[in-house]
Amino acid sequence: MIGVFDSGSGGLTVLRAIREAMPSADVIYFGDTKNAPYGLRSRAELSRLTVEAIARLHRGGAQNIVSACNSVSASLAVSLFDVLPLAPGNLVEMVGPTVSHFKDSRSRILLVATPATIASEIYQNAFQMIGKEIDTLAIPELAGAIESGASDTEIERIIRDAFAGIESNAYDELILACTHYPLVQPVFNRVLSEKVSIFDPASAVADRVVRQFASRETGTGLLRFVISKDSAPFRARVAEFFPTSGVAIEVLD
Ligand code: DGL
């Protein structure tokens with residue numbers, strides 16, 4: 001069984017790509033809605049929440065883990081593999097597959113993400129390792145607004161404010177390095193120059209999941225959701241993304 005986790009509904013964008021690529025894999029999804037948004041939290045808090053989320057997925061029967069949250073990638077340090085009974089081969093996270101997608105690219109890149117992701121410099125360092133300099137932009141309010149189901153008008157205001165003073169046509173590609181952001185991709189399209197193409201890492205991550213886990217994951221397509229606090233926007237997104245799954249959402253107390 002594959003365990004996928006995020007602070008809330010952002011990881012559903014990654015789960016959707018995984019389901020398309022591996023429909024028969026059994027998956028348990030944990031959305032930590034009680035502690036969302038993650039992107040404004042400290043490295044120490046994120047490390048604790050990451051350990052708890054992975055332990056919860058293990059208890060739920062998952063052996064292979066997908067961290068569908070960029071903000072925790074910096075906490076997925078090697079020491080975690082000691083804390084948890086988790087081998088590196090049993091984990092897929094967002095940064096590696098995203099950066100390796102751009103290995104041969106000559107695009108001028110702007111990467112948007114939460115403050116935690118940008119402050120960790122994990123993407124800046126990883127891109128440097130493949131010989132590329134990127135520009136980054138943190139959008140502090142955005143993931144929380146998406147998680148709480150803010151209106152399109154409010155989302156557009158947040159994105160426009162964040163891009164004020166940024167010459168978006170100086171870039172070829174915008175990387176959505178927060179799994180919540182693809183949920184409002186049409187708003188990014190409206191705000192940005194049409195010359196910029198928008199990259200959602202979900203399918204690159206799903207490809208990695210297939211490469212790494214497919215030989216070990218033979219299931220019946222079971223899908224189970226667990227959240228740490230009830231959330232109407234989360235329920236609505238599950239119904240929209242997985243309309244035929246008919247699955248219940250378990251809410252922890
Ligand atoms: N979706 C997560 C990410 O990719 C977390 C966003 C948040 O909760 O702030 O960073």
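Both ligands and their constituent atoms are indexed starting at 1 by order of listing.
The structure places OG of Ser107 at 12.0 Å from CD1 of Ile134, a figure rounded to the nearest 0.5 Å.
Protein residues having a heavy atom under 4.0 Å from any atom of ligand 1 are Asp6, Ser7, Pro37, Tyr38, Gly39, Cys69, Asn70, Ser71, Thr114, Ala143, Cys178, Thr179, His180, listed by chain and number.
One side chain, Thr117 or Thr114, offers a donor N or O that lies under 3.5 Å from an acceptor on the other. In the model, Ser67 has no side-chain atom that pairs as donor or acceptor with a side-chain atom of Glu93 under 3.5 Å.
Judged by the 6.0 Å distance and 45° axis criteria, Arg108 is not positioned over the aromatic ring of Tyr171.
Proximity of a side-chain donor or acceptor of Ser228 to a complementary backbone N or O of Leu252 within less than 3.5 Å is not detected. No donor-acceptor pair closer than 3.5 Å links the side chain of Glu147 to the backbone N or O of Ala36.
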